[in-house]
Amino acid sequence: MVRRAYVGGNWKMNLHLDEAEGLAAALIESMQDLGEGGGEGGAEVVVFPALPYLLPVGRRLREAGLAGSWLKLGAQDFYHEPNGAYTGEVSLSMLRDVGASVVLVGHSERRHVLGESDPLINQKVLAAVGESDVEVILCIGETLEQREAEQTDAINRGQLALGLAGVRVEQLRRVTIAYEPVWAIGTGRTATPGDAQSAHAAIRAWVRFTYGDEAAEGIRIQYGGSVKPDNAASLIEQADVDGFLVGGASLKAGDFSQIVKAAGGHGD
Ligand code: PGA
């Protein structure tokens, strides 16, 4: 099965309004110039601005005629309850109102800095897959200590089993997995293509065992952790690397579009 490459740009808690709008405008311009490898027929792309800027960034995408096609708007986080007394939180329906159709769940910074547990992550995944027009990117990955103890695959399998508990096979079609080794995020250290491939193959094997062949062949597995224009090509060549989740380099329109192009030009 051919899996369309999928690249996410996670802006994290960066950029103020004018900068976020400026980056959106620059991205639109460089994406329109991408030609082969980006846009129609190339990689699918989603950008995750900080929550207050979803509306203005989404408006820019819509005005350029790109929103909702291969270029999507996503939210870095949400709360799984539909509404109520949850001070500071936002619901999925609020995100949909402002044009977001993709949500990140279980990002390593939410797990390790904000203390999100696997059961909370699972509640968020279940809430999102329960909505037919929302897509989920579920992030998993091991710490350096766990890698050194050769627990990478066991940690990934555990996070998959807990994060996806109760998700039905037809709902899995709207789920993408992002493998992001914690030690590679924002550190400039990237997994070697071989290490990434080995972790991705084990993730796909878990999906095959749990959900069957069709689900395993269809699910997209992004790699994340210091992806840059100069390492994207060797990573995307790996059979089980289907795209990227990009942090730092997604804040530079030129770098991000080169990564999108590398991913989309790969063709399998
Ligand atoms: P990075 O972040 O590209 O800055 O390492 C990746 C991520 O957190 O998704």
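Each ligand, and each atom within it, is numbered from 1 in the order the structure gives.
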Counting heavy atoms only, which part of Ala249 comes closer than 4.0 Å to ligand 1: side chain, backbone, both or neither?
neither

Can you sort out which atoms of ligand 1 are near Gly248, meaning under 4.0 Å from one of its heavy atoms?
1 (P), 3 (O), 4 (O)

Between Gly224 and ligand 1, does any nitrogen or oxygen pair lie at a separation below 3.5 Å?
no

I'd like to check which ligand 1 atoms, numbered from 1 as shown, lie under 4.0 Å from a non-hydrogen atom of Leu245.
6 (C), 9 (O)

Are Arg111 and Asp118 ion-paired here, with the side-chain N under 4.0 Å from a carboxylate O?
yes

As a check for students: among Gln222, His107, Glu109, Lys228, identify the option with a heavy atom nearest to atom 8 (O) of ligand 1.
His107

Please list, in number order, the atoms of ligand 1 under 4.0 Å from a heavy atom of Gly225.
5 (O)

Within the side chain of Asp240, is there an N or O that forms a donor-acceptor pair under 3.5 Å with the backbone of Gln197?
no

Between Glu217 and Arg208 (salt bridge meaning N to carboxylate O under 4.0 Å), is one present in this structure?
yes

Give the atom numbers and elements of ligand 1 that come within less than 4.0 Å of a heavy atom of Lys12.
2 (O), 7 (C), 8 (O)

Any side-chain donor paired with an acceptor under 3.5 Å for Tyr179 and Glu142?
yes

Give the numbers and elements of all ligand 1 atoms closer than 4.0 Å to a heavy atom of Ser226.
1 (P), 3 (O), 5 (O)

Please name the residue in the list Arg220, Arg3, His200, Arg4 that meets the side chain to side chain donor-acceptor pair (under 3.5 Å) test with Asp242.
Arg3

Residues, nucleotides or ligands: over 12 heavy atoms within 6.0 Å of Glu150 CD:
no

What about Gly186: any of its N or O atoms under 3.5 Å from an N or O on ligand 1?
yes

Given 3.5 Å as the limit, does a donor-acceptor pair link the side chain of Tyr6 with the main chain of Gly8, or not?
no

Non-hydrogen atoms of Ala184 versus ligand 1: any pair closer than 4.0 Å?
yes

